[in-house]
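Inspection log for the structure reproduced underneath, given as structure tokens.
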Amino acid sequence: MITCSLWDAANASNVSNVSLVLKKHLSKEPINKAKILVSMAKQHEHAEGVPRDYGRAQELYCKAAGQGYDEALYALGWMYANGRGVRRNDNIAVQLFVMAAEHGHSHASKMIDYLDTSHDPELPECLQSMADNNATDYSDKPFFDLVQKLAPEYNLDPNLVMAVIAVESAYNVQAVSHKNAQGLMQLIPATAERFEVKNIFDAEENIRGGMAYLRWLLAFFKGDVTLAVAAYNAGEGAVERHQGIPPYTETQNYVKKILAQYSKLTHPYEPDIVHRHAVIALSEYE
């Protein structure tokens with residue numbers, strides 16, 4: 001993390017310098033942009049050369065967090081955990097600390113032990129709005145109308161389903177992988193049987209089976225999209241054993257591809273779905 005001042009102390013009181021510094025660094029790679037944003041956010045949060053402004057600090061942390069920068073996720077989580085310029089919200093803080101830990105932040109997981117984790121985690125509005133604004137438009141893609149029709153039956157966001165189809169099969173109904181995953185949503189025979197798919201190469205049946213599995217995974221991982229899609233690729237057992245995205249190159253690349261098209265990190269889920277199929281899940285860990 002950048003610790004030096006971004007401008008000379010003699011001119012630091014001029015708040016307009018913040019936007020000038022940001023503009024100066026826009027051409028740099030994303031991680032450097034995120035570091036610049038976090039450095040400026042800390043100055044606003046702690047009144048280091050500029051007037052204290054928690055709202056501006058939160059805005060800058062959010063922009064950096066949207067790029068997946070672990071320090072930004074952690075700092076934003078800290079604000080919500082301590083009610084620093086925002087209403088205290090343990091649900092949001094937990095979600096941000098979990099995300100920071102998944103991105104490699106060494107202290108984030110320790111913070112979760114001090115918070116109330118009895119409620120479902122959630123994203124702050126600024127990150128949720130960012131995800132909404134960055135949504136991919138699938139309206140001209142194959143099977144869009146079918147997915148739009150079926151998704152409400154499974155309480156799924158159609159855009160998440162379309163992202164999975166795009167990455168899994170590139171909309172190829174007859175796609176078969178080297179692991180014998182088949183059809184639009186690349187179901188292996190065992191998964192197809194588990195969710196009662198009779199004709200795996202039928203577009204609607206395949207999508208229904210994939211949606212049923214995706215709905216189950218979202219319930220199993222309590223709405224965490226990152227973990228759910230990692231499990232869609234590697235299996236829920238692998239995600240459980242590694243307590244996060246498994247260290248498989250294929251799975252890590254898969255998650256990145258999905259999140260590049262679908263930027264929401266949480267999704268509504270149905271907890272009772274897991275209870276009805278718990279025996280199936282447990283059998284896979286043995």
Side-chain angles (χ1 to χ4, degrees), residues 1-6 25 28-50 52-128 130-131 221-231 238-248 251-252 255-256 259 263-266:
M1 181 181 66
I2 296 175
T3 57
C4 60
S5 175
L6 294 176
H25 290 276
K28 297 201 172 189
E29 62 269 24
I31 191 62
N32 282 345
K33 291 181 192 177
K35 287 181 178 181
I36 295 292
L37 290 168
V38 167
S39 183
M40 291 191 296
K42 287 185 180 296
Q43 289 175 313
H44 281 292
E45 181 184 0
H46 302 292
E48 297 173 352
V50 295
R52 191 185 308 278
D53 187 340
Y54 289 129
R56 181 60 174 155
Q58 182 189 27
E59 178 186 353
L60 292 167
Y61 282 139
C62 259
K63 288 181 179 179
Q67 296 177 24
Y69 185 36
D70 62 334
E71 182 63 24
L73 291 162
Y74 179 81
L76 192 57
W78 182 270
M79 291 187 77
Y80 279 98
N82 292 279
R84 195 173 178 86
V86 295
R87 182 185 297 274
R88 175 171 176 166
N89 188 318
D90 282 5
N91 300 344
I92 291 178
V94 167
Q95 179 66 58
L96 291 168
F97 287 143
V98 167
M99 291 163 60
E102 289 175 351
H103 283 81
H105 199 284
S106 59
H107 299 296
S109 59
K110 298 176 183 178
M111 288 300 302
I112 299 172
D113 295 335
Y114 299 100
L115 300 173
D116 178 6
T117 59
S118 61
H119 301 288
D120 295 336
E122 60 182 287
L123 282 176
E125 184 178 346
C126 60
L127 284 181
Q128 194 65 57
M130 194 179 301
F221 292 107
K222 298 183 177 180
D224 188 314
V225 172
T226 302
L227 297 182
V229 298
V239 174
E240 280 288 281
R241 285 193 301 274
H242 293 284
Q243 298 183 344
I245 302 173
Y248 313 146
T251 301
Q252 293 178 348
V255 171
K256 289 177 183 178
L259 296 183
S263 53
K264 294 181 180 180
L265 299 175
T266 59

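- Arg88 is linked by a salt bridge (charged side-chain N to carboxylate O under 4.0 Å, His left out) to Asp90, counting only residues two or more places apart in sequence or in another chain.
- Atom NE2 of His46 has more than 12 neighbouring heavy atoms from other residues, nucleotides or ligands inside a 6.0 Å radius.
- In this structure, the side-chain contact (heavy atoms from CB on, under 4.5 Å) partners of Ala72, at least two apart in sequence or on a different chain, are Val38, Ala64, Ala65, Tyr69.
- The two residues Ala108 and Ala101 have their closest heavy-atom pair at CB-N, 3.6 Å.
- With rounding to the nearest 0.5 angstrom, the OG1 atom of Thr226 is 4.5 Å from the CG atom of Leu259.
- For the atom pair CG (Leu73) and CE (Met99), the distance works out to 5.0 Å, reported to the nearest 0.5 Å.
- A distance of 12.0 Å separates NE2 in His44 from CZ in Arg52, rounded to the nearest 0.5 Å.
- When all heavy atoms of Leu115 and Ala93 are compared, the closest pair comes out as CD1-CB, 3.8 Å.
- Between atom NZ of residue Lys110 and atom CZ of residue Phe97 there is a gap of 13.0 Å, rounded to the nearest 0.5 Å.
- Between Ile92 and Asn89, the closest heavy-atom pair is N-OD1, 3.0 Å.
- Applying the ring-ring contact (aromatic ring centres under 6.0 Å, His included) rule to His242 yields the partners Tyr248; only residues at least two apart in sequence or on another chain are considered.
- Classification of Arg56 and Glu59 as a salt-bridged pair holds, one side-chain N sitting under 4.0 Å from a carboxylate O.
- Checked against side-chain contact (heavy atoms from CB on, under 4.5 Å), Thr266 has the following partners two or more places apart in sequence or in another chain: Gln95, Leu123, Gln128.
- Atom CG of Asp70 sits about 12.5 Å away from atom CG of Leu96, to the nearest 0.5 Å.
- Within the model, atoms CD of Glu45 and OH of Tyr54 stand 6.5 Å from one another, a figure rounded to the nearest 0.5 Å.
- Judged as a ring-ring contact (aromatic ring centres under 6.0 Å, His included), and not counting sequence neighbours, Tyr61 has no contacts.
- In terms of heavy atoms, Gly66 sits closest to Leu127 at N-CD2, 3.9 Å.
- Shown here are the side-chain contact (heavy atoms from CB on, under 4.5 Å) partners of Gln243, two or more places apart in sequence or in another chain: there are none.
- Here the side chains of Glu71 and Lys42 are in contact, with some heavy-atom distance below 4.5 Å.
- Counting all heavy atoms, side chain and backbone alike, Leu227 lies closest to Gly244 at CD2-CA, 3.8 Å.
- Residues forming a side chain to side chain donor-acceptor pair (under 3.5 Å) with Asp116 (at least two apart in sequence, or on another chain): Ser118.
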Please tabulate, for the side chains in residues 75-83, all donor-acceptor contacts under 3.5 angstrom to protein atoms that are two or more places apart in sequence or on a different chain.
residue, atom, partner, partner atom, Å
Tyr80, OH, Gln58, NE2, 2.6
Asn82, ND2, Trp78, O, 2.9

